[in-house]
Amino acid sequence: MRFDPWDAAFVADPYPAYRELREQGRAVWCEATGQWLVPHYADVSALLRDRRLGRTYLHRFSHEEFGREAPPLEHEPFHVLNGNGLLDLEDPAHARVRRLVSKAFTPRMVERLAPSVERLARELADGLRAAGGGDLLTAVAEPLPVAVIAELLGVPEGDRGLLRPWSADICGMFELRPDAETARRAVTASVEFSAYLRELIAERRKEPGTDLISALIAAHDEEGRLSEQEMISTCVLLLNAGHEATVNTTVNGWWALFRNPGQLAGLRAHPGPARAEKLSTAVDELMRYDTPLQMFERWVLDDIEIGDTLIPRGAEVALLFGSANRDPARFEDPDVLDLGRADNPHLTFGAGIHYCLGAPLARLELAASFGALLGADGPPMRLVREPRWQEGYVIRGLRELLVEF
């Protein structure tokens with residue numbers, strides 16, 4: 001099988017193609033995407049930390065200087081929103097914003113959320129169980145992270161239904177070659193979500209609370225405070241990055257468990273505190289085994305060499321997380337799901353300065369979700385039929401996961 005992000009068979013199982021890519025070399029040119037594909041763990045890990053690569057080039061070059069066309073003017077709301085978030089900022093702006101966000105989004109804040117996360121997970125799992133089954137994606141996987149992020153930001157319960165559609169429309173632009181309709185929806189969602197958050201920020205300035213927006217408003221250091229746009233972009237990134245990854249890890253993970261009944265039985269055999277301890281390792285293995293974000297793109301800011309290949313400034317590299325996390329040079333029996341895998345430095349959360357700030361919250365949500373769905377009482381959950389995959393490759397997940405008890 002060849003690397004083809006628009007082929008349904010490839011999206012359903014890209015791992016055979018990754019094996020072929022790793023055999024072809026350390027950097028493989030892909031004419032279809034106009035990128036250098038980087039499939040090996042060691043290279044992906046190193047390049048995530050290499051400052052000769054950047055998520056953007058605009059901190060050093062204009063579009064013209066870099067040999068790239070500026071995006072259409074009508075796409076500007078999306079690019080302003082995306083470009084001011086931590087994921088796409090580069091130093092020194094990245095360091096300043098991350099430092100200020102870290103003052104607000106603290107480990108203590110995540111710990112304080114733990115009881116709510118566990119309660120929400122139980123309620124959603126109990127609802128699915130009471131119904132005798134249904135679509136795990138829409139019943140549990142999607143609502144949990146949306147509710148958690150909404151609670152974190154202080155979004156009123158009546159407005160929470162707005163968040164998931166906005167997130168899905170914005171994230172459509174992260175796929176390869178998004179079409180005009182995808183771009184239009186992303187721009188509309190960017191405008192609407194930004195306007196909503198601007199109002200919420202104004203309310204919190206008048207009446208601060210214990211939510212993250214209030215903490216972002218209060219965060220400051222010797223260089224000043226976050227701008228309103230930086231706060232808006234931070235909140236959107238928390239929803240988009242945390243939500244999409246958590247949803248897809250949940251459903252992809254359960255699909256992997258159903259296909260590996262021995263591993264699933266091992267989880268079910270450990271009730272109570274023993275299961276909680278085992279789940280922490282299991283969650284990391286599920287993220288490694290079927291990575292929700294398959295590709296992370298970077299611009300080449302200065303000429304680099306990957307193996308014997310010289311890649312010039314202005315090129316784009318595609319760091320293949322899904323391939324790196326299945327690289328036999330780093331992981332023993334990488335195509336085997338091993339929920340007890342102790343040596344597991346997977347790259348799902350990235351590395352370097354862009355390492356995912358929300359990783360502790362994602363792990364908390366996933367452990368709570370899997371724990372609640374495993375359940376202590378009643379019959380176990382089982383698959384109704386083989387699921388279908390969404391069309392997207394970069395953010396890879398299932399359309400649905402139908403289960404019954």
Side-chain angles (χ1 to χ4, degrees), residues 45 48 86-87 98 101-102 104-122 124-125 136 140-153 167 212 237-257 263-264 266-267 270 272-294 296 321-322 324-325 331 337-352 354-374 395-397:
S45 180
L48 283 168
L86 278 172
L87 190 63
R98 189 175 183 108
V101 172
S102 296
F105 189 43
T106 62
R108 181 175 294 181
M109 181 173 280
V110 174
E111 288 172 14
R112 196 168 66 237
L113 279 171
S116 295
V117 173
E118 291 166 4
R119 173 183 54 79
L120 285 165
R122 283 195 306 272
L124 292 168
L136 191 147
V140 179
E142 287 186 340
L144 178 61
V146 169
V148 172
I149 293 295
E151 189 160 322
L152 180 69
L153 297 178
S167 174
L212 179 61
L237 177 61
L238 278 170
L239 173 66
N240 293 347
H243 172 257
E244 296 296 333
T246 306
V247 168
N248 291 332
T249 297
T250 303
V251 291
N252 297 3
W254 272 103
W255 173 225
L257 289 172
Q263 293 291 309
L264 178 54
L267 268 184
H270 290 80
R275 178 183 290 166
E277 184 178 338
K278 193 171 179 63
L279 271 174
S280 65
T281 304
V283 162
D284 276 299
E285 174 66 351
L286 291 168
M287 286 190 285
R288 180 203 70 83
Y289 183 75
D290 210 353
T291 309
L293 180 67
Q294 290 283 310
F296 200 70
F321 282 17
N325 283 342
F331 299 98
L337 180 69
D338 178 6
L339 299 184
R341 191 183 295 271
D343 180 22
N344 192 2
H346 63 81
L347 296 173
T348 305
F349 290 122
H354 288 105
Y355 181 82
C356 179
L357 194 68
L361 180 58
R363 285 192 168 101
L364 173 64
E365 291 175 2
L366 290 164
S369 170
F370 279 97
L373 287 164
L374 284 163
I395 302 173
R396 180 170 166 272

Show the nearest heavy-atom pair for residues [X] and [Y], with the distance to one decimal.
| X | Y | value |
| --- | --- | --- |
| Ser167 | Glu244 | OG-OE2, 3.2 Å |
| Leu237 | Leu87 | CD2-N, 3.6 Å |
| Leu357 | Ser102 | CD1-OG, 3.8 Å |
| Ala368 | Ala121 | O-CB, 3.6 Å |
| Thr246 | Ala362 | OG1-CB, 4.2 Å |
| Ala367 | Leu279 | O-CD1, 3.6 Å |

Between atom [atom1] of [X] and atom [atom2] of [Y], what is the distance when rounded to the nearest 0.5 Å?
| X | Y | atom1 | atom2 | answer |
| --- | --- | --- | --- | --- |
| Asn344 | Glu285 | CG | CD | 5.5 Å |
| Leu339 | Tyr289 | CG | OH | 10.5 Å |
| Gln263 | Asp338 | CD | CG | 5.5 Å |
| Leu374 | Ser369 | CG | OG | 9.0 Å |
| Arg363 | Thr249 | CZ | OG1 | 10.5 Å |
| Leu113 | Glu118 | CG | CD | 11.0 Å |

Beyond-backbone contact of [X] with [Y], side-chain heavy atoms, under 4.5 angstrom:
| X | Y | result |
| --- | --- | --- |
| Leu373 | Leu136 | yes |
| Leu267 | Phe370 | no |
| Thr348 | Phe321 | no |

For the pair Thr250 and Leu286, evaluate side chain to side chain contact (heavy atoms under 4.5 Å, CB included) and give the outcome as yes or no after the intermediate values.
CA-CA 9 Å; Thr250 303; Leu286 291 168; over 6 Å; no
Does Arg108 pair with Glu111 as a salt bridge, N-O distance under 4.0 Å?
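Result for this pair is no, no salt bridge flagged.
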Without swapping roles, check the side chain of [X] against the backbone of [Y] for a donor-acceptor pair under 3.5 Å.
| X | Y | value |
| --- | --- | --- |
| Asn325 | Leu347 | yes |
| Asp290 | Arg396 | no |
| Thr106 | Met109 | yes |

Within 45 degrees of the ring normal and closer than 6.0 Å to the centroid, is that where the cationic atom of Arg341 sits relative to Phe331?
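No; the conditions do not both hold, so Arg341 does not lie above the ring face of Phe331.
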Quick one: do Leu264 and Trp254 satisfy side chain to side chain contact (heavy atoms under 4.5 Å, CB included)? Show the steps, please.
CA-CA 9 Å; Leu264 178 54; Trp254 272 103; 3.8 Å; yes
Pairs of donor and acceptor atoms involving the side chains of residues 143-152, under 3.5 Å and at least two apart or interchain, shall be tabulated with distances.
residue, atom, partner, partner atom, Å
Glu151, OE2, Ser116, OG, 2.9

Who are the salt bridge (Lys or Arg N to Asp or Glu O under 4.0 Å) partners of Arg119, not counting sequence neighbours?
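Checked Arg119 against salt bridge (Lys or Arg N to Asp or Glu O under 4.0 Å); matches are Glu123.
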